[in-house]
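Just so you know, residue 1 is the first one in the sequence shown, and it goes up from there.
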Amino acid sequence: MSDVFHTPPSVDPRLLEVLVCPITRGRLTYDRERQELVSKGAKLAFPIRDGVPIMLPEEARALD
């Protein structure tokens, strides 16, 4: 039996190498626990849903 439902989705590391913040064009860091890509420059965290980064500013969470 597959553990697909028990394992959080991960992002392909090759994808992380090419993705940049859509606002600042700066580097993103991967927060595995929250399943987000974080842009420190824009102070936003972009969600990852089902292994797919959602890079829309209106979908991002503001960082404090």
Joint hydrophobic cluster, Val52 plus Met55, side-chain heavy atoms closer than 4.5 Å: no
Minimum heavy-atom distance between Ala62 and Leu44, given as atom pair plus value: CA-CD2, 3.9 Å
Partners passing side chain to side chain contact (heavy atoms under 4.5 Å, CB included) against Leu16 (at least two apart in sequence or in another chain): Val11, Tyr30, Leu37
Partner residues of Thr24 under the side chain to side chain contact (heavy atoms under 4.5 Å, CB included) criterion, sequence neighbours left out: Cys21, Ser39, Ala42
All pairs passing salt bridge (charged side-chain N to carboxylate O under 4.0 Å, His left out) where residues 35-44 contributes a residue, at least two apart: Glu36-Arg61
Atom of Pro53, atom of Gly51 and distance for their closest heavy-atom approach: CD-O, 3.7 Å
Min side-chain heavy-atom separation Arg14-Leu19 under 4.5 Å: no
Ile23 reachable from Val18 in the ILVMFWY side-chain graph, under 4.5 Å edges: yes
Check against salt bridge (Lys or Arg N to Asp or Glu O under 4.0 Å), Arg49 and Glu59: CA-CA 11 Å; Arg49 297 186 187 129; Glu59 292 289 323; 2.9 Å; yes
Within one Ile-Leu-Val-Met-Phe-Trp-Tyr cluster: Ile48 and Phe46, side-chain cutoff 4.5 Å: yes
Residues that Arg25 engages under side chain to side chain contact (heavy atoms under 4.5 Å, CB included), provided they are two or more places apart: Val20, Pro22
